[in-house]
Protein chains: 2
Amino acid sequence: MLKEKQLLKNYLSEKNLRGSSKRNTILKIFLEEEGHITAEELYQKVSKEDSSIGIATVYRTLKLFREAGLARMSRFEKGEAQYEHNYLHSHHDHLICMKCGKIIEFKNPDIEENQEKIARKHKFKITSHRLELYGTCSKCSSK
Amino acid sequence: MLKEKQLLKNYLSEKNLRGSSKRNTILKIFLEEEGHITAEELYQKVSKEDSSIGIATVYRTLKLFREAGLARMSRFEKGEAQYEHNYLHSHHDHLICMKCGKIIEFKNPDIEENQEKIARKHKFKITSHRLELYGTCSKCSSK
DNA sequence: TTAGTTGCAAATCGTTTGCATCAAG
DNA sequence: CTTGATGCAAACGATTTGCAACTAA
C-alpha cells in the first residue's frame with residue numbers, strides 16, 4: 001500500500017475516525033498533483049471525478065491530511081494557502097518568479113547545515129523550515 | 001531627514017501623489033515598532049494618536065510604504081500579514097517558536113551566498129528571499 | 001480649482017462552522 | 001444503532017473598494 005494511504009489509515013484509527021470514499025477520491029487526486037495546489041484548484045479537479053464533493057470537505061480533508069503528516073501547507077506572498085504532499089516528493093525549497101508565477105523546487109544540503117548551526121546557537125529545536133527565493137526566472141528576465 | 005521619510009517623499013513625487021498628516025502619523029508610529037506588526041495592531045496604536053484614522057487608511061498606507069520600498073510584508077503560518085520596516089533594522093531571517101510565538105531574528109552570510117549559487121544555477125535573478133525556521137525555543141523545550 | 005486622500009460601509013476572498021442528513025463500522 | 005462525515009449556506013476574519021466628502025498643492 002502507498003505510504004501516504006498507510007499514514008492516513010494509521011491516523012484515522014489512532015483518532016478513532018472513519019474512512020470514506022470521498023476521502024479516498026480526494027487523496028488520489030491530491031497525490032496525482034506534482035507541485036503545489038490550492039484548496040480551490042483541488043476542489044475543481046475533485047469535482048470532475050465526483051461532483052457531489054463540496055469545497056468544505058476538501059478543506060476539512062486537507063486539514064486531516066496535514067494532521068496525518070502527509071501534506072504540508074505554505075503561504076507565499078499571496079493570501080491563499082498552497083498544499084503539497086510528500087509522495088515521490090520530499091522536502092525542498094522554492095524559487096518563485098514574481099513575473100510569471102513559476103515555482104522551481106530545489107534542495108541544498110549546505111543551507112540546511114547552516115540552519116542547524118543557527119538553531120544550536122539560539123538553543124532552538126527546529127521542526128521545519130521554509131526558504132523562498134523571490135525574483136525573476138530566466139525567461140522573464142530576458143523579455 | 002530620516003531615510004525612510006525620504007524614500008516615501010521620493011516615491012510620492014515620482015508618482016505624483018500627495019503627502020498628508022495622516023500618512024505622517026502612520027509612518028512615525030510604524031517606525032517606532034521594533035519587530036513585526038499586523039495592520040490591525042498598527043491601527044490600534046495609530047488610533048491612540050489620531051482616532052480619526054480609519055483602518056482602510058492604514059491598509060492603504062502600508063501598501064504605499066511597500067511600494068515605496070520602506071516596508072516589507074510576510075505571512076507566517078497564520079493568515080494575517082505582518083509588516084516590518086528597515087529603519088535601524090535591515091534584512092534578516094526568522095526563527096519562530098511554535099509554542100510561545102516568539103520570533104528571533106538572525107543573519108547568516110553563508111546562507112545568502114548559497115542562495116546566490118542556487119540562483120545562478122537556475123538562471124534566476126533574486127530580488128528578495130525569506131527563510132523561516134520553525135521549532136521550539138529554549139524556554140519552551142525545557143518546559 | 002483639481003486631483004489625490006480618507007472614512008464608512010459594503011463587498012470580496014479564502015476559510016471555517018452549525019446544522020440536518022447521510023453513511024461507515 | 002451510534003457517531004463520524006458531508007453538503008449547504010451562513011458566518012468569519014482579513015483585506016479591498018465604491019463613493020461622497022475632504023484637503024493638499
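Labels below follow one simple rule: chain letters A, B, ... track the order of the sequence lines, proteins then strands, and each chain is numbered from 1.
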NZ of A:Lys63: more than 12 outside heavy atoms within 6.0 angstrom?
->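 No, the 6.0 Å shell around NZ holds no more than 12 heavy atoms from other groups.
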Plane angle bin for A:His92 and A:His36 - parallel if under 30°, tilted between 30 and 60°, otherwise perpendicular = perpendicular
Under 3.5 Å between N/O atoms: give me all the protein pairs with nucleotides 22-25 of chain C, atom names plus distance.
{"residue": "C:dA24", "atom": "N3", "partner": "A:Arg18", "partner atom": "NH1", "Å": "3.0"}

Determine, stepwise, if the pair A:Lys45 / A:Glu33 fulfils salt bridge (Lys or Arg N to Asp or Glu O under 4.0 Å).
-> CA-CA 10 Å; A:Lys45 299 198 175 188; A:Glu33 200 56 33; 3.0 Å; yes
In this structure, how many angstroms lie between the [atom2] atom of [N] and the [atom1] atom of [X], rounded?
X       : N      : atom1 : atom2 : answer
B:Phe65 : D:dT15 : CZ    : P     : 16 Å
B:Asn16 : C:dT5  : CG    : P     : 10 Å
B:Lys15 : D:dA25 : NZ    : P     : 19 Å
B:Tyr43 : C:dT6  : OH    : C1'   : 13 Å
B:Leu12 : D:dA24 : CG    : P     : 14 Å
B:Ile53 : C:dC8  : CD1   : C1'   : 15 Å
B:Asp50 : C:dT5  : CG    : P     : 17 Å
B:Leu62 : D:dA14 : CG    : P     : 15 Å

Take B:Lys22 and B:Ser52, measure what side-chain hydrogen bond (donor to acceptor under 3.5 Å, both in side chains) needs, and give me the verdict at the end.
-> CA-CA 9 Å; B:Lys22 298 196 176 189; B:Ser52 78; 3.1 Å; yes
Would you say A:Leu27 and A:Thr25 make side-chain contact, with heavy atoms under 4.5 Å?
-> no
Salt bridge (Lys or Arg N to Asp or Glu O under 4.0 Å) evaluation trace for A:Glu49 with A:Lys28 | CA-CA 10 Å; A:Glu49 187 121 348; A:Lys28 182 184 135 249; 2.5 Å; yes
Polar atom pairs (N or O), protein with nucleotides 12-17 of chain C, under 3.5 Å:
{"residue": "C:dT15", "atom": "OP1", "partner": "A:Ala81", "partner atom": "N", "Å": "2.9"}
{"residue": "C:dT15", "atom": "OP2", "partner": "A:Tyr59", "partner atom": "OH", "Å": "2.5"}
{"residue": "C:dT15", "atom": "O5'", "partner": "A:Tyr59", "partner atom": "OH", "Å": "3.2"}

Under 3.5 Å, is there a donor-acceptor pair linking the side chains of B:Lys125 and A:Ser138?
->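 No, because no side-chain N or O of B:Lys125 sits under 3.5 Å from a partner of the opposite role on A:Ser138.
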Indicate whether any N or O donor in one side chain lies under 3.5 Å from an N or O acceptor in the other, for A:Tyr134 and A:Glu132.
-> yes
Kindly state whether the ring of A:His85 and the ring of A:Phe30 have centres lying under 6.0 angstrom apart.
-> yes
